[in-house]
Every structure is written in structure tokens, then in C-alpha cells.
Amino acid sequence: MLQVSGLHSGYGHKTVVNDVSLQVGSGEVVGLVGRNGVGKSTLLNTIMGILPVQQGSILLNEVDISHQPSYRRSSYGVAYVPQGRQIFPRLSVLDNLRVAAIAAKQNLGSCVEEVLAEFPALTPKLQSQGGSLSGGQQQILALARALIIRPKLMLLDEPTEGVQPSIVDVILEKLGEINKRLGIGILLVEQNLEFIDVLADRVYVMDKGTVVAHLPAGAIMNDKRVQHEYLGV
Amino acid sequence: MSWDQILNLLISALFSIATLALISLGLAVVFGMMKIINLAHGEFLMLGAFATLTANRLGLPLWLSMVCAPVVVGVIGLVLERGIIRHLYGRIIDTMLATWGISLVLVQLVVIAYGPATQGLATPLGSFRLGNYSVSAYSLFLVAAAGGLVVLTYVLFMRTKYGLMARAASQLPQTASALGINAGRINMLTFAVGSALSGAAGALLAPVVGVVPSMGMAFIAKAFMTVIVGGPLVLSGAMSAAALLGSVDNVVSYLSTPFLGQGALLVISIVLLRLMPNGLSGKWRRQL
Ligand SMILES: Nc1ncnc2c1ncn2[C@@H]1O[C@H](COP(=O)(O)OP(=O)(O)OP(=O)(O)O)[C@@H](O)[C@H]1O
Ligand SMILES: [Mg+2]
């Protein structure tokens with residue numbers, strides 16, 4: 001599904017992501033962990049085309065999208081839930097969903113309704129402004145907005161950051177369902193190792209812009225050496 | 001104060017407000033939605049006035065000539081955006097220099113074509129009596145037309161798919177593009193919409209101000225003042241600022257002289273920005 005090979009990227013001439021290769025198969029949940037500032041978000045932003053590729057390639061379903069403009073990439077079936085959620089603060093909750101449907105040229109009425117059926121908690125909030133929601137509500141809205149385009153792969157950047165524990169459980173459950181029932185693959189960046197352990201099949205560990213380890217998800221909970229060396233736990 | 005005095009003062013206040021609203025509307029869209037400091041904004045208004053004048057001299061009725069102006073200026077804006085401005089997004093100083101250069105070129109081109117003198121355009125609709133005062137019917141039309149343009153802008157940004165995408169792209173450009181919005185196309189359209197609104201404003205103002213190549217100079221400072229006092233909300237902010245500043249200008253001019261009215265406008269803008277650095281709409285929870 002997603003195949004990243006020898007990828008370099010960063011800001012201007014500065015290279016942050018340094019020779020990263022990783023794969024996410026269709027319907028698979030893959031974790032990506034690493035300390036603060038190792039380049040996880042930079043990598044996801046590069047996959048979405050928000051940052052340019054300096055070297056290497058990004059393939060989605062065998063199609064090289066490395067040089068496609070950002071606004072075309074979602075049409076290859078990849079949806080992004082960025083760090084900090086990036087809900088449009090001055091659009092209503094409904095408009096946050098509608099704009100995703102319009103951008104993806106999806107049938108407006110039906111896909112918004114489908115997503116609301118999936119996340120009924122959003123219904124009473126539809127007219128509230130995005131910026132007025134709590135962190136957890138925004139995270140749920142960001143997930144819903146990503147599902148609007150009926151993706152095959154979702155990139156999630158720290159979905160539990162700044163979210164109250166009760167909603168972390170809701171998100172965990174929803175992500176499991178999204179993966180199992182809808183068959184959507186997930187590349188999950190997350191600090192919370194238990195969260196990763198429940199959802200992911202495999203985990204890549206990043207340090208200083210490169211992938212330094214690749215393990216089954218269960219192993220990371222037990223591997224004190226990796227935890228100590230690369231995650232600072 | 002007698003009733004006719006009050007009504008007359010009210011009408012002239014509405015006229016001042018409408019004038020400020022008109023000269024700042026296009027700028028509010030371009031500056032508010034795209035963060036572009038368009039120093040050629042006054043010249044877009046000027047081009048709207050000259051487009052009206054030209055169409056009128058070519059034989060079109062005045063009302064039809066006014067309708068041509070937003071089309072002509074919208075197309076000019078589109079061409080300038082594609083040719084120059086789109087290469088400078090995110091570079092504030094370069095954009096200011098480029099639009100300043102554009103303003104000089106536009107003024108010179110119009111001087112070459114029409115000469116530097118003021119061109120006359122008769123004010124239509126005549127006037128009517130209100131007690132002891134004579135009121136120009138066109139000033140009432142201008143107030144209504146300004147209101148109409150504000151409503152049109154509101155509908156365009158709040159009720160159309162383009163408007164929703166434009167607001168999203170203006171709030172979080174990267175997230176918008178990750179969702180599939182082509183920001184380049186949206187920017188092109190938004191700049192053209194702002195230019196067309198300026199063209200329409202120039203057309204409406206043409207019969208009440210001197211149509212002269214340098215007329216943009218008279219507008220640009222007031223337009224920026226209105227938009228900056230208005231704050232982050234493109235429409236409700238700028239239009240509230242127009243209402244406030246227009247009323248102050250009018251009341252002070254009425255009590256003293258128009259010169260002091262302009263002075264009061266500047267003073268109140270500075271005081272307001274000291275008190276509310278983010279402008280009138282800085283804390284409002286509206287969407288536009
Ligand atoms: N806009 C930027 N311009 C320049 N450098 C940046 C920018 N954003 C991030 N960086 C740098 O790139 C490196 C990687 O940042 P990135 O945000 O990708 O890390 P991360 O792994 O996502 O961290 P976190 O866990 O804190 O989210 C950091 O050293 C950071 O300082
Ligand atoms: Mg990050």
C-alpha cells in the first residue's frame with residue numbers, strides 16, 4: 001500500500017528525515033515511535049506533500065507520488081490526521097466535515113451522514129466552531145474529517161496528545177473498528193506505547209531522522225533496551 | 001435639532017459609512033483572506049472608475065457601464081495574480097514592492113491614455129428636498145449598493161463551495177491542501193474576487209468623486225485603516241470599522257470641519273488599536 005524508500009526531506013536545505021524506508025501493507029496498522037524531535041511529523045508531512053522530497057521515493061499502491069502536489073495526494077486514498085489536529089478554528093464542525101467532502105469531490109450529504117453515524121458524539125456540536133471544541137472532541141472531529149474521503153490508508157500523528165483519558169479509550173476503540181471493519185490501513189505515530197501495543201502489528205523506531213529498529217509491536221513493550229536507548233523511558 | 005436636520009445628518013453619516021465600506025471591501029478580502037498587502041488597491045478602485053467612464057463614453061448607459069467595471073478589474077486582477085503576485089506568496093516585502101510597482105505602472109498607463117486631468121462624470125438621479133435640505137438621490141443609491149455588495153460578499157464566502165474552501169485555505173493552508181484543496185486556484189479566484197469588488201466600488205464612487213488617475217492615493221490609507229481597525233474577521237470586522245470610523249468622521253465634520261473629521265478618524269484608529277491591538281473583531285466568535 002504505502003512504500004517509502006530512501007527518503008530524505010527537511011526544511012529548506014536542512015535534512016531532518018535521513019534515508020528512511022518503511023512499508024505499510026493494505027489493512028495493516030504500523031506504529032512509528034521515537035523521541036521528541038526525531039522527525040516523525042516531518043516524515044508524515046513529506047508523505048502528504050506538505051514538505052518536498054529531497055531524495056528517495058514515496059509509492060502508494062505502486063504509483064510514485066513523490067512529486068505530486070499535496071492537494072492531489074489524498075485522491076490516491078491517503079488521509080492525514082496531523083499533530084495538533086489542525087481543525088479549522090473558524091469553521092463550524094459541520095463545515096469542517098463538508099469542506100473535506102467538497103475538496104475530495106465526494107457526495108456531500110451522504111458521506112457527512114455516514115461519518116456522523118460513525119461518530120454520533122459530533123452531532124450535537126455540528127454548529128459549534130471548530131476552535132471551541134476540547135482537545136478530545138477536536139481529535140474525534142479530525143478522525144471523522146479524515147474518514148470523509150473514504151481513505152485506504154490513514155496517517156495519524158499523536159492522536160492521544162492532549163486528550164483526556166476517557167476520550168483516549170474512545171479513540172482507541174474507534175481506530176480498532178476503522179481498521180477491522182473498514183479495512184483501512186494506519187500509520188500511527190504515538191508516544192503512548194500501550195496504545196501502540198493494542199493497535200499495531202509492527203513498529204518502526206526512529207532516532208535522529210532514521211529508522212533504527214523494526215520490531216513486532218508486542219516486542220517493544222518488553223524490550224527495555226530499545227525503550228531506554230531510543231524512547232528515553 | 002429639527003427632524004430634517006437629523007435625517008440629513010443620518011443620511012450623510014450613512015453615505016460616509018458606505019464610502020468607507022466600498023473602498024475597503026476588496027482590500028478586506030485580499031488582505032484578510034490571503035494576507036496580501038496590496039499597495040495597488042487604490043489603483044484597482046481607480047481602474048473601476050475609469051472602466052465606467054470609458055464604457056459610458058463608448059455609448060453604454062451609466063448603469064451598464066458600472067456593471068462592466070468589476071468584470072474589467074476582476075480580469076486585470078486575475079492576470080496580475082497569475083503573472084506576478086502568485087510567485088511572491090509568503091514574501092511580504094516582495095509583495096509590497098511588487099504591488100507598489102504595479103500601482104505606479106497603472107497610474108502612468110492611465111495618464112498616457114486619458115491625461116492627468118480630472119474627468120467629469122455627471123451624478124445621476126438628481127436630488128430631492130427634505131425639509132430645508134436638498135439630498136442627492138444617488139447618495140441613497142450608493143448606500144443601498146454598498147449594502148448589496150456586502151451581502152453578495154457574505155453569500156459568496158458563506159454559502160458557496162468556493163467560499164468554504166477559501167475560508168479553510170485561509171485558516172490552515174497546509175491542512176486544506178492535505179484535504180485536496182488546490183490553494184493556487186483558490187488564491188487566484190480570491191484575488192480576482194477582491195479586485196472585482198474594488199472595481200465595483202470604483203464604479204459606484206466615480207460619479208461622486210473626481211475621476212483622475214491619481215485618485216487611488218486618496219483611498220488607500222483609509223482603506224488600510226478600516227481593514228486594520230476591523231481586525232481578523234474579513235467582513236464583520238472591516239464593516240464594523242467602516243460603520244464606526246464613518247460615523248466619527250461624519251459627526252466631527254458636521255460639528256467642525258471635514259479636515260478635523262479626517263483627523264478624528266486617524267486619532268480614533270490609533271486609540272482603538274492601542275486598546276485592541278487585534279482590531280475590533282479580535283475576540284469575536286463569528287466566522288467571516
Ligand atoms: N518548520 C520547521 N522549520 C525548521 N525546522 C523544523 C521545523 N519543524 C520542525 N523542525 C525540526 O525538525 C526536527 C524534527 O521535528 P518533528 O516535528 O518532525 O519531530 P517529531 O518527531 O514529530 O517530534 P514530536 O514528538 O515532538 O512531535 C526537529 O529538530 C525540529 O526542530
Ligand atoms: Mg511530531
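In this text, all values refer to a predicted model and were calculated from it rather than measured experimentally. Below, chain A is the first sequence line, B the second, and so on; all start at residue 1.
Contact record, A:Arg90 with B:Pro232: NH1-CB, 3.8 Å, taken as the closest heavy-atom pair. Between B:Leu179 and A:Ala100 the shortest heavy-atom distance is CD2-CB, 4.0 Å. Between B:Gly180 and A:Ser74, the closest heavy-atom pair is CA-OG, 3.7 Å. Nearest heavy-atom pair, A:Ser70 versus B:Ala178, reported as atom, atom and distance to 0.1 Å: OG-N, 3.8 Å.
Listed options A:Gly49, A:Ser75, A:Ala104, A:Pro89 were ranked by heavy-atom pairs under 4.5 angstrom with chain B; first place goes to A:Pro89. Comparing A:Arg73, A:Gln129, A:Arg72 by heavy-atom pairs within less than 4.5 Å of chain B, the highest count is held by A:Gln129. Interface summary for chain B: among A:Gly131, A:Pro82, A:Ser92, the most heavy-atom pairs under 4.5 angstrom belong to A:Ser92.
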Next on the checklist: Could you go through A:Arg85 and B:Thr175, starting from their C-alpha distance and side-chain angles, then the distance that decides it, and tell me whether this counts as side chain to side chain contact (heavy atoms under 4.5 Å, CB included)?
Outcome noted: CA-CA 9 Å; A:Arg85 310 170 268 272; B:Thr175 305; over 6 Å; no

Next on the checklist: As a quick check of understanding, evaluate side chain to side chain contact (heavy atoms under 4.5 Å, CB included) for A:Val99 and B:Ile181, giving each step before the final call.
Outcome noted: CA-CA 9 Å; A:Val99 76; B:Ile181 293 173; 3.8 Å; yes

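Atom CE of residue A:Met48 and atom CD of residue B:Gln174 lie 11.5 Å apart, to the nearest 0.5 angstrom. Going from atom CZ of A:Phe88 over to atom CD of B:Gln287 covers 12.5 Å, rounded to the nearest 0.5 Å. In this structure, A:Asp95 CG and B:Met158 CE are separated by 7.0 Å, a value rounded to the nearest 0.5 Å. Atom CG of residue B:Leu164 and atom CD1 of residue A:Ile102 lie 4.5 Å apart, to the nearest 0.5 angstrom.
Not a single donor-acceptor pair under 3.5 Å links the side chain of A:Gln86 to the backbone N or O of B:Leu172.
Residues of residues 66-101 of chain B lying within less than 4.5 angstrom of chain A, judged on heavy atoms, are absent.
Annotation for B:Lys35: atom NZ counts as buried by contact number, over 12 foreign heavy atoms lying within 6.0 Å. Within 6.0 Å of atom CZ in A:Arg150, more than 12 heavy atoms from other residues, nucleotides or ligands are found, so the atom counts as buried in its surroundings. Heavy atoms from other residues, nucleotides or ligands lying under 6.0 Å from NZ of A:Lys174 number more than 12.
Both the backbone and the side chain of B:Arg285 come within less than 4.5 Å of a heavy atom of chain A. Contact of A:Ile148 with chain B is not made at all, since no heavy-atom distance falls under 4.5 Å.
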